[in-house]
Amino acid sequence: MQQEKLLALFGELSLEEKIGELFQVPPFFFDGGNATGPAEEMGICSEDIRVAGSCLSLIGAQKLAQVQKLHMENHPHHIPMLFMADIINGYRTVFPIPLAQGCTFDPDMTEKCAAIAARESAASGIHVTFSPMVDLVRDARWGRVMESTGEDPYLNGLMAAAMVRGYQGQDREHIGRGKVAACVKHFAGYGAPDGGRDYNTVELSERTLRQDYLPGYQAAIDAGAALVMTSFNTLDRVPSSANAWLMRQVLRKEMGFDGVLISDWAAIQELIAHGIAEDALQAASLAMNAGVDIDMATPVYIKNLKALVESGRVSEALIDEAALRVLMLKNKLGLFENPYKDASEADEQSILMCESHREAARSCAEKTFVLLKNEEALLPLNPEETVAFIGPYVDSRFISGAWSIFGDDDSCVTLREGVKCMVPGARAVFAPGCTLIDPGVEIVGFQKNPPRETLDPETALAEAVRLASTADKVVLVLGEPRDYSGECASRSELTLPKCQMKLLEQVCEVNPKVCVVLFNGRPLDLRQVSEAAQAVLEAWLPGTEGGSALARVLYGLESPSGKLSMSMPYCVGQVPVYYNHMRTGRPLLGDYRTTKFCSQYLDIPNEPLYPFGYGLSYTSFAYSGVTLDRASLHKGETLRASIRVTNTGTRTGTETVQLYIQDVAGSVTRPVRELKGFRKLTLAPGESGQVTFDITEQMLRFYTISGDYASEPGTFRIFIGPDSRAEQQAQFTLT
Ligand code: GLC
């Protein structure tokens with residue numbers, strides 16, 4: 001619809017209709033849907049529903065067409081609703097969790113997965129996805145690390161922009177066929193809760209917020225994200241949904257966001273629980289004055305804004321700007337011309353989980369696996385060897401992440417099926433070995449939890465040990481249940497269940513040739529696993545084609561190439577741990593056991609067990625020294641750093657060559673290093689490749705002591721290598 005026509009329609013709307021655009025109906029109002037937040041008696045009446053602007057978590061072409069048709073017949077101006085849902089890592093075809101996708105260091109792959117998710121969900125009638133989640137994460141206790149792409153602002157920004165492009169396409173004016181609007185979340189700083197406990201207080205300096213946490217959101221906004229979602233947490237003791245500085249000054253004025261700002265589920269109502277609103281009336285006033293356009297899934301706006309306008313506590317102009325933004329989003333989606341957009345039962349039949357989508361899921365999953373250890377080249381497996389696949393994940397279909405709420409677990413490929421299908425001649429035996437979680441432990445998840453196995457623990461363990469003792473090699477398939485991560489799934493420990501550790505111990509006693517494969521949604525404490533096993537492969541939660549992808553990598557049909565997007569801590573006591581930390585005035589330069597008066601622990605090292613950017617291959621790579629084409633860099637110039645990488649092994653492999661830069665001294669303290677670039681290189685045995693990085697003054701900018709975003713002259717060190725521990729190879733001066 002032309003803008004002037006839209007404005008003319010807008011001009012006809014009553015105050016009630018404009019407020020209705022700001023009301024999002026919770027899913028259970030129509031037929032249940034997938035409630036993901038607190039569901040409580042709401043007192044919403046049919047008149048409220050009549051003017052509602054959007055609906056949450058309803059899916060299905062036929063269902064949404066029915067709901068839309070009825071809604072438009074009842075609406076005084078026949079304005080269509082927006083249908084929004086959490087399509088986080090795929091719709092019906094489920095991709096690896098975002099934390100795993102971060103390990104690919106392949107934004108193009110993530111963009112492809114997001115485009116498939118958009119195509120599938122659009123066919124089911126969805127208009128908006130609540131993705132990408134770009135919250136920077138440094139604390140593995142927090143369950144939602146699975147939903148982020150990790151601990152690095154640069155990588156997060158690339159991944160966030162890739163997801164937005166995949167969901168929305170490149171057209172900034174229209175969100176066209178097979179595309180959905182992207183909603184970047186959770187603004188802001190949600191990933192840094194005290195104690196790693198979900199929804200808890202966040203204490204960040206403004207400088208740290210701007211330097212480390214905002215870049216991910218900015219990248220998504222720059223890529224055209226049509227919506228932003230507020231976060232549940234406070235910043236500087238102000239809940240985001242009432243934070244006018246954060247929303248109107250930072251998000252809108254400084255970051256240039258002009259789209260729709262939606263609250264998280266009930267986050268406006270929760271201003272009362274936070275203790276900054278006495279009641280819903282005050283909560284509505286705070287949120288609207290802060291600039292929150294849509295009230296997700298509660299009636300706070302629909303029940304209070306009219307009175308606030310009539311009493312003069314809220315300007316009708318604020319209602320107008322919010323409601324107009326919602327109508328402009330509907331127009332961008334073409335809903336006034338076609339309120340059903342791409343909803344099509346025929347398309348649902350033909351494209352949901354079609355072979356090409358499954359192939360993309362398999363290809364993506366293969367690239368997410370991170371080889372953490374591989375002594376004596378235990379991997380890849382040889383089909384001629386007898387391999388005992390043992391563990392509670394051997395036959396599990398629950399290998400999709402906690403947010404795979406529209407996936408189909410029954411369609412997930414188990415590891416056993418993957419081996420049988422991808423390596424038909426493999427001599428393999430299979431056994432569960434133990435239950436997934438310790439007996440008596442209950443998981444409160446919002447997904448269909450795995451049925452509790454009816455294993456007799458002793459019998460299962462005895463069978464597993466017998467198989468292990470006669471096999472050439474053992475692949476132990478362990479991990480967390482998928483609902484041990486995700487929303488409201490914080491853990492105080494990062495270890496595997498005791499029953500799994502007992503299985504590991506007893507299997508290793510009878511056969512030293514053990515590879516542990518892990519299915520988990522967060523970094524874990526892998527000290528004992530790494531000590532006991534000859535090989536360790538991190539598989540995360542790989543989604544629909546997890547079993548096939550894993551079989552292909554274990555048997556060497558694909559070589560592992562993943563690099564950790566988040567540090568694996570030495571133990572939970574070390575958390576939060578991340579590579580781009582500050583030096584402190586007393587950096588620990590030696591061994592913590594023989595040093596004193598440094599920033600150190602008495603009982604553990606400072607370094608994580610496996611660092612950001614780390615991952616092995618089935619081959620090996622050698623790095624030459626770095627050459628710079630100049631020793632100093634002036635503003636407006638480019639400094640070129642070059643390095644040679646050689647495949648010194650016997651198999652073709654893909655290496656992610658990483659560039660880190662350290663600002664040796666700044667007007668504020670600077671991280672020991674920061675990721676500033678990476679290149680993926682696939683080399684055959686003996687082959688070498690030249691990698692160059694162009695370094696500019698813009699790459700060296702940061703929030704200085706004056707608060708400006710600028711570079712400062714001085715010395716910079718360059719580290720290029722296979723992970724964030726890369727040795728220093730060069731330095732230059734910025735003049
Ligand atoms: C949840 C989550 C948010 C999600 C929303 C809708 O509470 O915090 O990420 O998009 O509600 O399901």
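For ligands, and for the atoms within them, numbers begin at 1 and follow the listed sequence. Along the sequence shown, residues carry numbers from 1.
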Under 3.5 Å: N/O of His186 near N/O of ligand 1: yes
Distance-only N or O hit between ligand 1 and Tyr190, under 3.5 Å: no
Asp409/Arg482 ion pair, N-O < 4.0 Å: yes
Results of side-chain hydrogen bond (donor to acceptor under 3.5 Å, both in side chains) for Asp264 - residues two or more places apart only: none
Met229 to ligand 1, any heavy atom closer than 4.0 Å: yes
Per-atom contacts of ligand 1 with Met296, taking only distances under 4.0 Å to non-hydrogen atoms: 5 (C), 6 (C)
Ligand 1 N/O within reach of Glu147 N/O, cut-off under 3.5 Å: no
Salt-bridge criterion met for Asp222 and Arg172 (N-O under 4.0 Å): no
Short N-O contact, Arg522 and Glu493, less than 4.0 angstrom: no
Within-cut-off N or O pair, Glu487 and ligand 1, under 3.5 Å: yes
Trp265 neighbourhood, listing ligand 1 atoms whose heavy-atom distance to it stays under 4.0 Å: 7 (O), 11 (O)
Sole residue of Lys341, Arg119, Arg177, Arg92 in salt bridge (Lys or Arg N to Asp or Glu O under 4.0 Å) with Asp347: Arg177
Which of the ligand 1 atoms, numbered from 1, are nearer than 4.0 Å to a heavy atom of Lys185: 3 (C), 4 (C), 9 (O), 10 (O)
Ligand-residue contact atoms, ligand 1 with Phe232, heavy atoms, under 4.0 Å: 7 (O), 8 (O)
Ser400, Ser404, Pro542 screened by side-chain contact (heavy atoms from CB on, under 4.5 Å) with Cys412, the one that passes: Ser400
Test: Arg165 and Glu111 ion pair at under 4.0 Å: yes
Sub-4.0 Å heavy-atom approach of Arg144 to ligand 1: yes
